[in-house]
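Have a look at this one.
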Amino acid sequence: LEVLQAGPRYVEQKIQIRVTIPEGLTVRQIIREIDEVEGMPFTGAEFEDELRMQHIVSNYAPSPSAMPPGALEPYEGLLFPDTYYLGPESTPEELLTQMLTRFDEVLTRLGYGAAPQTVGMSAYETVVLASLIEREARIGSERAKISRVIHNRLAADWYLGIDASNIYVTGHTQLTPTDFKSESPYNTRQTKGLPPTPIAAAGRASLEAAVAPEAGAWMYYVRTDEGGIMGAHTFALDA
């Protein structure tokens, strides 16, 4: 009777702050996204400060102090795009740990530990390739084909010629003749091989396409909006 008379007991719910990071963002853009989240217990600048301490690393990437020559941002492509939940007392370290842990979990499930055997490159190089797919693909069904073109060009010792990496380093959405001739390792028109780091945070679909490219001999793709589908590419063999 006393319980009924007291009425329902309300359990205090913990406040959750939802942080959603879309695919294809750079570290700089992710920092700006953090500043846009309502109720965030820390700023984007404080999150960046945590990055610069470099004490939390991925199992699938070089340590920040051992990045390839020419690398601009050691955490580029390693902050997995997903939705995360924080509390009012959460710290930048907590979010960074969640993002890197999720990144490693996804790569483990996709078999990145065996990348040298399956695609002939290290797990980190495969992540770099996945970031190119993320920035190039506009249609999900084309990701594995674009992956194959990149793999084929690497195998043939071609220049990749992927302007998304040049856009990444210059910040120019409209590239100039000077940009095309730059000696940056991110200019894949002038430098053979992959860029030294990822150029964006690849989502699971692009990461999967990078490690499991579709079988084919394509060497080219160009956006043609084929079939009236915006963003669709046409793929072609070596002429």
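In this chain, residues are counted from 1 in sequence order. Bear in mind that the values here come from a model prediction, so they are computed numbers and not experimental data.
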**Message:** Test your reading of the model: is there a side-chain donor-acceptor pair from E125 to the backbone of S122, 3.5 Å cut-off?
**Reply:**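 Yes.
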**Message:** Could you walk me through whether M67 and Y75 satisfy the side-chain contact (heavy atoms from CB on, under 4.5 Å) test, starting with their C-alpha distance in whole Å, then the side-chain angles of each, then the deciding distance to 0.1 Å, before giving a yes or no?
**Reply:** CA-CA 10 Å; M67 281 283 145; Y75 284 95; over 6 Å; no
**Prompt:** Do side-chain atoms of N59 reach the backbone of D104 as a donor and acceptor pair under 3.5 angstrom?
**Reply:** no
**Request:** Measure the OH-CG distance between Y84 and L95 for me, rounded to the nearest 0.5 Å.
**Result:**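 Reported value, rounded in 0.5 Å steps: 7.5 Å.
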**Item:** L154 reachable from L237 in the ILVMFWY side-chain graph, under 4.5 Å edges
**Value:** yes
**Request:** Determine whether V119 and P213 make a side-chain contact, defined as any pair of heavy atoms from C-beta on separated by less than 4.5 Å.
**Result:** yes
**Asked** Around E89, counting heavy atoms of other residues, nucleotides and ligands shown, do more than 12 lie under 6.0 Å from its CD?
**Response** no
**Asked** Hey, does the side chain of E208 reach the backbone of A205 with a donor-acceptor pair shorter than 3.5 angstrom?
**Response**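 Side chain of E208 to backbone of A205, a donor-acceptor pair under 3.5 Å: no, none is there.
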**Asked** Rounded to the nearest 0.5 Å, how far does CD1 of I21 lie from CD1 of I34?
**Response** 5.5 Å
**Asked** Should Y220 and R153 count as side-chain neighbours, where that means a heavy-atom distance under 4.5 Å?
**Response**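 They are in side-chain contact.
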**Message:** Can you give me the closest heavy-atom contact between A115 and T126, atom names plus distance?
**Reply:**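 Looks like CB-OG1, 3.7 Å.
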**Asked** Going by the angle between their ring planes, with limits at 30° and 60°, are Y60 and Y112 parallel, tilted or perpendicular?
**Response**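 Rings of Y60 and Y112: perpendicular, over 60°.
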**Request:** Decide yes or no on side-chain contact (heavy atoms from CB on, under 4.5 Å) for V169 and L72, but give the supporting numbers first.
**Result:** CA-CA 8 Å; V169 72; L72 295 179; 3.6 Å; yes
**Prompt:** Can you find a heavy atom in the side chain of I167 that is under 4.5 Å from one in the side chain of R135?
**Reply:** no
**Request:** Starting from the C-alpha separation in whole Å, work towards a yes-or-no answer on side-chain contact (heavy atoms from CB on, under 4.5 Å) for T43 and E48.
**Result:** CA-CA 9 Å; T43 65; E48 184 175 11; over 6 Å; no
**Asked** CZ/F42 to CD/E93 distance, rounded to the nearest 0.5 angstrom?
**Response**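 Between atom CZ of F42 and atom CD of E93 there are 11.0 Å.
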**Message:** Evaluate T197 against Y124 for side-chain contact (heavy atoms from CB on, under 4.5 Å), listing each step before the verdict.
**Reply:** CA-CA 8 Å; T197 68; Y124 185 67; 3.5 Å; yes
**Message:** Give me the atom names and distance for the closest heavy-atom approach of A210 to S147.
**Reply:**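 So the minimum-distance heavy-atom pair works out to CA-OG, 3.5 Å.
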**Prompt:** Does a donor on one side chain sit under 3.5 Å from an acceptor on the other, for S65 and S63?
**Reply:** yes
**Asked** Which heavy-atom pair separates V57 from P64 by the least distance, and what is that distance?
**Response** CG1-CD, 3.5 Å
**Prompt:** So do E183 and Q190 actually touch side chain to side chain, heavy atoms under 4.5 Å?
**Reply:** no
**Request:** Under the salt bridge (charged side-chain N to carboxylate O under 4.0 Å, His left out) rule, what do E73 and R52 come out as? Steps first, then yes or no, please.
**Result:** CA-CA 10 Å; E73 170 54 67; R52 301 304 164 230; 2.6 Å; yes
**Request:** Classify the side-chain pair Y168/E76 by whether it contains a donor and acceptor separated by less than 3.5 Å.
**Result:**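 The criterion, which ignores hydrogens and geometry beyond distance, is satisfied for E76 and Y168.
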**Asked** Out of N166, T191, I199, which residue meets the side-chain contact (heavy atoms from CB on, under 4.5 Å) rule with Y186?
**Response** I199
**Request:** Answer yes when R189 and D163 have at least one side-chain N-carboxylate O distance shorter than 4.0 Å, and no when they do not.
**Result:**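 Between D163 and R189 there is a salt bridge, with a charged N closer than 4.0 Å to a carboxylate O.
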**Prompt:** Do we see a donor-acceptor contact under 3.5 Å between the side chains of Y221 and E136?
**Reply:** yes
**Request:** Would you indicate whether the side-chain heavy atoms of T91 and E94 approach each other to under 4.5 Å?
**Result:**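 In short, these two side chains touch, coming nearer than 4.5 Å.
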**Prompt:** Is there a donor-acceptor contact under 3.5 Å from the side chain of E142 to the main chain of H233?
**Reply:** yes
**Prompt:** Rounded to the nearest 0.5 Å, what separation is found between the CD1 atom of I31 and the CG atom of L51?
**Reply:**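 I31 CD1 to L51 CG: 6.0 Å, rounded to 0.5 Å.
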**Message:** Surrounding CZ of R223 (heavy atoms of other residues, nucleotides or ligands, distance under 6.0 Å), is the total greater than 12?
**Reply:** yes
**Prompt:** Any idea which heavy atoms bring R143 and A137 closest together, and the distance?
**Reply:** CG-CB, 3.8 Å
**Message:** If you define the side chain from C-beta out and look only at heavy atoms, does anything of L129 sit under 4.5 Å from H151?
**Reply:**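 SC-SC contact between L129 and H151 confirmed.
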**Message:** Just by distance, no angles: are the side chains of T176 and D179 close enough, under 3.5 Å, to form a donor-acceptor pair?
**Reply:**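 The answer is yes; a qualifying pair exists.
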**Asked** With side chains defined as the heavy atoms from C-beta onward, is the minimum distance between V149 and M219 less than 4.5 Å?
**Response** no
**Request:** With rounding to the nearest 0.5 Å, note down the distance linking CG in L175 to NZ in K181.
**Result:** 13.5 Å
**Distance in Å, D35 CG paired with E33 CD, rounded so as to fall on 0.5 Å steps** = 10.0 Å
**Closest heavy-atom pair and its distance - L110, V211** = O-CG1, 3.8 Å
**Prompt:** Do you know which two heavy atoms are closest between V128 and S131, and how far apart they sit?
**Reply:**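 Shortest heavy-atom separation between V128 and S131 comes out as O-OG, 2.6 Å.
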**Request:** Please tell me if the side chains of F235 and R148 come closer than 4.5 Å, counting only heavy atoms from C-beta onward.
**Result:** no
**Asked** Taking atom types as modelled, is there a side-chain donor on E50 or H55 under 3.5 Å from an acceptor on the other?
**Response** yes
**Test item: side-chain donor near acceptor, Y85 and S90, under 3.5 Å** =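 The criterion, which ignores hydrogens and geometry beyond distance, is not satisfied for S90 and Y85.
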